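I have placed the structure first, in the form of C-alpha cells, so that the comments after it can refer back to it.
Computed from heavy atoms alone, side chains included, the values below leave out hydrogens, waters and symmetry copies. In this text the structure is predicted, and so the values were computed from the model without any measurement.
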Amino acid sequence: MAPVLARRPLHQDIVHALQDAAKKRHRDSQIRKEEEKWKVDSIGYQAMRERLNETSFIAPLDADNTKANIYYIKKKFMRFCREDAYGSWETAIKARSCDKGLIMSFLHWICETYLKPKRKRSKKKTVNQYWRDFKMLYRRANKGHVVNANDCEEIVKYINGILKVKFHLDDLPKTKPVMGVDDLLLGLTHHWSRDRSIFPTEDDRLDLPTIMLFQAYTACRPAELVDGTRSRGREDPLAEEGEEVGLSERRKVIQKEEIIEDDDEGDDSNYNSDDDDDTVFDSDDGYDSDATDDTDISEHETSDAKDRPNELCAQPPQTPRDRETEPTRIHKALCYEDLTLWIVKDPKKGGRDVLAMEVYLRYHKGADNKPKPTVFLFREHPLPILCPISHILARALRDDAIQVDGYDSAEPFFATKLGKDAVKVHWKPYILKTPVFRKSVRTTSGGWEKSPVDPMKYATYAFYLDRIGKSLGSEEKWTSYCMRRGNANAIIGLAPDAVVDQVMRHDPMTGCLANAYLNHRVGFNVQDAYLERDPSADGLTRAFTHMSIRCNPEVPKEIPKSELDELPADPDIVELSRRVKRMSISIRQEFKFIRLSPKRVRRKYSELRRELRNAEKNFRDDMTKIYQEAWRRRLHDEELERQLSGMVVVEREAEPTLEHHLQERNRLQKILCDFKQDLSSKGITNRKVCAINLMVALASQREIRPPNPTLADGMEEMLDRSEVSNSDPPIVEKREEIPLVLERTQCIYCVGDERLSHRDRTRKFSRVSHMMDHVEKVHLRRQPARATWVCHHPKCKPLGDFLTSLDHFKSHIQKVHGVKLRK
C-alpha cells in the first residue's frame, strides 16, 4: 500500500479567499432568489410591448463629455431665449418653432457674445462644434426628430460664409508640435532640477513626470490616465436645475467650458485644452504683497469654501476594506488594478532579476460604445528619469499598496533570486479600484494632502504641463497631445500599420493618423533626395521637427511688475476697479464691515472682484506673450550682432543645478540628472534603488512658497548666484526643537505640520497682520464647525481637542505660545 503523504496545510490567504468566495456566492444566490420574485410574466410582457411601441425615441447612451456639451449648449440657448424674448427654451426648440432662421440667429448670437469679445481670432471649427452640439440638443428635445436636411445645408453655408467673414473666423488648422525623446528629457530634467514652482504636495511632483512617461510610451490620451470628465458630465443634460444662478455665476460656469478646443481628431474637445487659458490653477504672479497662501494655487478656486467645505477637504476613503465586500470602481481613470508588476527571472543567466509592468488602458475615446482596451508592456530603463517602472514603484510604495509585508522600500525588488520564471507583485485588495494619480485636496487645518479616492483632473495636469513649457521659454504650447504625436511619428515606418492603429486606438483605413497626427514640419530631407544625395546625411531634419530647438530658458517667464505698471492702463480694468471701489465703500458705509453684510451682497461683491482679477490676469497674460516674443527676437538679434563684432562667448560645459528648499529633492536631482550609462550592472541598480527611495521620501514632504511672494523675482537672482555643482555634498538641514513660546509672526498651524521642512515650520512673516491673514485665509476658514479645538503645536497636539471653543483656542495660543490672533 502506497504511503499516505501528509497534506500541506493551506495558507491563511488561501483560506480567506475560499471563505470570501463562498460568502459572496451565498449573497449572490439570495439576491437572485429575491429578483426571481419580480420576474416579468406574460401580462407584463404584453404591457411592455405596448409601452415600447408607444415610445418614439430612446435616448442614446451618451458619454459623460457628450452630456456636458449638450448641457452647456442648452445653457447658452436658455440665455439666448431669455435675452431676446423668445420665451421658454423648451418651447423655442420644438420643431414647429425652431426654424433655420432661429438657429442661424442663435449661432450669430454665440459669435457676438462669446467669440467677438475675445482679443484673438476664434476658429471656425469652434462654431461648427457649437452647431453639432445644438443638433444633439435639438434631437433629444424633439424626441428623435432631427433638423431638416436642407436647413442643415443652409446653416453650414451660413457659418462658412457670413459668420466667417463678419467675425473673422480662422479656418486654418492649428500647428501640431511633436515632442520627441530629446524634448521629453529636457522637460523632465527641468521639472526635477530647475523648476522652482510650488506644488500643493510633493506627491504631485512625482505624479506629473509619471503621467508624461506613460503618455510618451503609450500614445494614450490624458483621459485614459486622469479624470477627463467635465464638471457637468455625469448628469442628465436636459434636467432642470432647482435654482437659477445669477448672471456672474452663470458666466463663470459658461466661461469655464465655453471654448470648444481645437482637437487632433475633430471630436477630442473633451480632453484637449490647447485654446483654453482658463485653468484650475492660476500661476503665482508674486505681485500681491499681502498674499498669504502657501502654494501656487489661486485662492479664487476656493473662495466659497465656507459654503462647501466637504468638497475642498480630504475625505476618508469610501472603498470598503473588509474582505467580504468587493470595492466598486467609481472613476474613469487609471487604477491600480490596471497595473500588473512582474519580477522576471534573469533572462541573461548571470545578472539580477528584472522588473516588467503591464498597463491595461481601457478608457480610450469612444470606450462607452466601442471598447478597445490595450495592454502595453513596460521595461526597465537604465536611467531612472526615463524609467516608468521606477516612478510607479515609488508611487506604490508611497501609497503602501504592496500586499506582501516587508516590501516597503526599493531594495527587496532588486535583490530577488527567483526559483520560477516570473512572479507577480500583488496590490492590496482595497486599493485595486483606487486611482493611481489622485488630486491634492485641502485638509481641515488648511494644509494639503493627496485625496484617498478622487483622481487628478485633466485641467490640473494640463496646467502643470503648460507651466513646464513656459518655464523653458518654449515658443509652442506644451500639451498632452505633443507626446501623443511624438509617439505616433516615432513608430510610423517602424511598426506595421495594424500595430500603429492599435497603439493610437484608431479604426483601420480611416486616415485619421495622416490627417491629425503627422508632424506639419516634413520629417524628410526632400532637398537632398531630389539632388540624389543621401537624405540622412545631416541631423537638421530631426532637430527642426521637434520642439526643443524652439525652447529658450533665457526668455523670462512673465513680464516684471515694474514694466507692467508703466504700460497704459486697460480701460476695462479701470472701470472694474472703480466699480469694486464704489461697492466696497457703499457696503462699509451701510454695514461697517464687508463680512457683516448679507450673503447676497457679499456674493455680488465677490463676483465683481473675481471679474476684476480675471481682467487683470488676461491683461498680464497678453502682455507677457508680447514681452516673451520680443525677448526671443532680441536674443537672436543679439547673437547675430555678437557674431559681427567678433565677440567670442565661452559656453559652460555643464549647466549647474540649483539648491532647492527640500534636501530630498537636492539629492534626487543629482541622481536623476546623472545620464551615465557606462556603469556596471550593480551601479545602475544602486542608482535606481536610491532614486526610488528618494522619490518616496520627497513625496512625503510638502513645500510652501515664501511668506512674501514679492521677493520671488529677487530670489531667482540669488538662487542663480548660489548654484552648486553636482559634486557638492548635500546640505543637511539643521533641526532644532520648536520652542513652546513662538515669535509673534509665526503660524501656530505650520509649526505642527510635520510634512513641512523645519525651515518652513518655523518661518516668520514680515508682519503680524500677514501672519493673521495667513491663519484666517489658509487655516481657520477651512475648519469645520466643531465644539472642541486642537492646538497644533507639537507639545500640545498629543493633548487632543481639549480647547472648548474658538475663543478658548485663540486665548490659549496667545497665553501659552505668545501668538495673538484676531478676535
Axial cation check for Tyr605 ring with Arg582, 6.0 Å and 45° limits: no
Rounded to the nearest 0.5 Å, how far does CG of Leu169 lie from CG of Leu163? 6.5 Å
State, to 0.1 Å, how close Ser584 and Ile594 come at their nearest heavy-atom pair, and which atoms those are. OG-CD1, 4.0 Å
In plain terms, say whether Asp227 and Arg438 are close enough for a salt bridge, that is, a side-chain N and a carboxylate O under 4.0 Å apart. no
Using the test side-chain contact (heavy atoms from CB on, under 4.5 Å), find all partners of Asp151 that sit at least two apart in sequence or belong to another chain. Lys100, Val147, Asn148
Side-chain ion pair, Lys470 and Asp466, N-O less than 4.0 Å: yes
Is the cationic atom of Arg595 (NZ for Lys, CZ for Arg) positioned less than 6.0 Å from the six-membered ring centroid of Phe593 and within 45 degrees of its normal? yes
Does a donor on one side chain sit under 3.5 Å from an acceptor on the other, for Asp133 and Gln129? yes
Could I get the full list of side-chain contact (heavy atoms from CB on, under 4.5 Å) partners for Ala615, not counting sequence neighbours? Ile573, Leu576
Taking only Lys NZ, Arg NE, NH1 and NH2, and the carboxylate oxygens of Asp or Glu, determine whether Glu607 and Arg610 approach each other closer than 4.0 Å. no
Tell me the closest heavy-atom pair linking His364 and Lys370, and the distance in Å. CE1-O, 3.2 Å
Would you say the side chain of Phe199 lies within less than 4.5 Å of the side chain of Leu208, judging by non-hydrogen atoms? yes
Mind checking the OG1-CD spacing from Thr175 to Glu475? Nearest 0.5 Å is all I need. 10.5 Å
Does any non-hydrogen side-chain atom of Ser97 lie less than 4.5 Å from one of Asp99? no
Give the minimum heavy-atom separation between Met583 and Val601, together with the two atoms involved. CE-O, 3.9 Å
What residues, two or more places apart in sequence or in another chain, satisfy salt bridge (charged side-chain N to carboxylate O under 4.0 Å, His left out) together with Asp572? Arg119
Would you mind checking if Lys450 and Asp203 are paired as a salt bridge, meaning a charged N to carboxylate O distance below 4.0 Å? no
Would you say that Ile626 contacts Asp622 through its side chain, given a criterion of any heavy-atom pair below 4.5 Å between the two side chains? no
Quick one: are Arg139 and His145 in side-chain contact, heavy atoms under 4.5 Å? no
Just so I know, are the side chains of Lys557 and Arg467 near enough to count as touching, which here means a heavy-atom distance under 4.5 Å? yes
Ignoring hydrogens and angles, tell me if any N or O in the side chain of Lys75 forms a donor-acceptor pair with the backbone of Ile70 under 3.5 Å. no
Would the distance check show the side chain of Lys365 and the main-chain N or O of Ala223 forming a donor-acceptor pair, the cut-off being under 3.5 Å? no
Salt bridge (charged side-chain N to carboxylate O under 4.0 Å, His left out) against Asp368, all qualifying residues, sequence neighbours excluded: Lys332
Kindly write out the residues that satisfy salt bridge (charged side-chain N to carboxylate O under 4.0 Å, His left out) with Asp84, not counting sequence neighbours, or none if the list is empty. none
Ionic contact status for Glu616 with Arg620, cut-off 4.0 Å: no
What orientation do Phe106 and Phe80 show, parallel under 30°, tilted 30 to 60°, or perpendicular over 60°? tilted
Testing the basics here: between Cys152 and Lys135, what is the closest heavy-atom pair and its distance to 0.1 Å? SG-CD, 4.3 Å
Any salt bridge between Asp171 and Lys125, counting N to O under 4.0 Å? no
Just jot down the ring-ring contact (aromatic ring centres under 6.0 Å, His included) partners of Tyr461, sequence neighbours excluded, or say none. none
Just wondering, do Ser122 and Asp170 contact through their side chains at under 4.5 Å, heavy atoms? no
Taken in chain and number order and not counting sequence neighbours, the residues that satisfy ring-ring contact (aromatic ring centres under 6.0 Å, His included) with Phe619 are none
Partner residues of Thr374 under the side-chain contact (heavy atoms from CB on, under 4.5 Å) criterion, sequence neighbours left out: Phe376, Gln502, Arg505
Any luck finding a side-chain donor-acceptor pair between Ser474 and Trp478 under 3.5 Å? yes
Answer yes or no: is there a donor N or O on one side and an acceptor on the other, between the side chain of Arg329 and the main chain of Ala333, under 3.5 Å? yes
Across all chains, not counting sequence neighbours, the side-chain contact (heavy atoms from CB on, under 4.5 Å) partners of Leu61 are none
Those residues at least two apart in sequence (or on a different chain) that pass salt bridge (charged side-chain N to carboxylate O under 4.0 Å, His left out) with Glu776 are Arg822
Measure the acute angle between the ring planes of Phe134 and Trp131, then classify it against the limits of 30° and 60° as parallel, tilted or perpendicular. parallel
Backbone of Val580 reached by a side-chain donor or acceptor of Arg609 within 3.5 Å: no
Taking the six-membered ring of Tyr114 as reference, does the NZ or CZ atom of Lys76 fall below 6.0 Å from its centre and within a 45° cone about the axis? yes
Please list all pairs passing the side-chain hydrogen bond (donor to acceptor under 3.5 Å, both in side chains) test where one or both residues lie in residues 53-62, with sequence neighbours left out. Asp62-Arg140
Under the ring-ring contact (aromatic ring centres under 6.0 Å, His included) test, residues paired with Phe167 that sit two or more places apart: His108
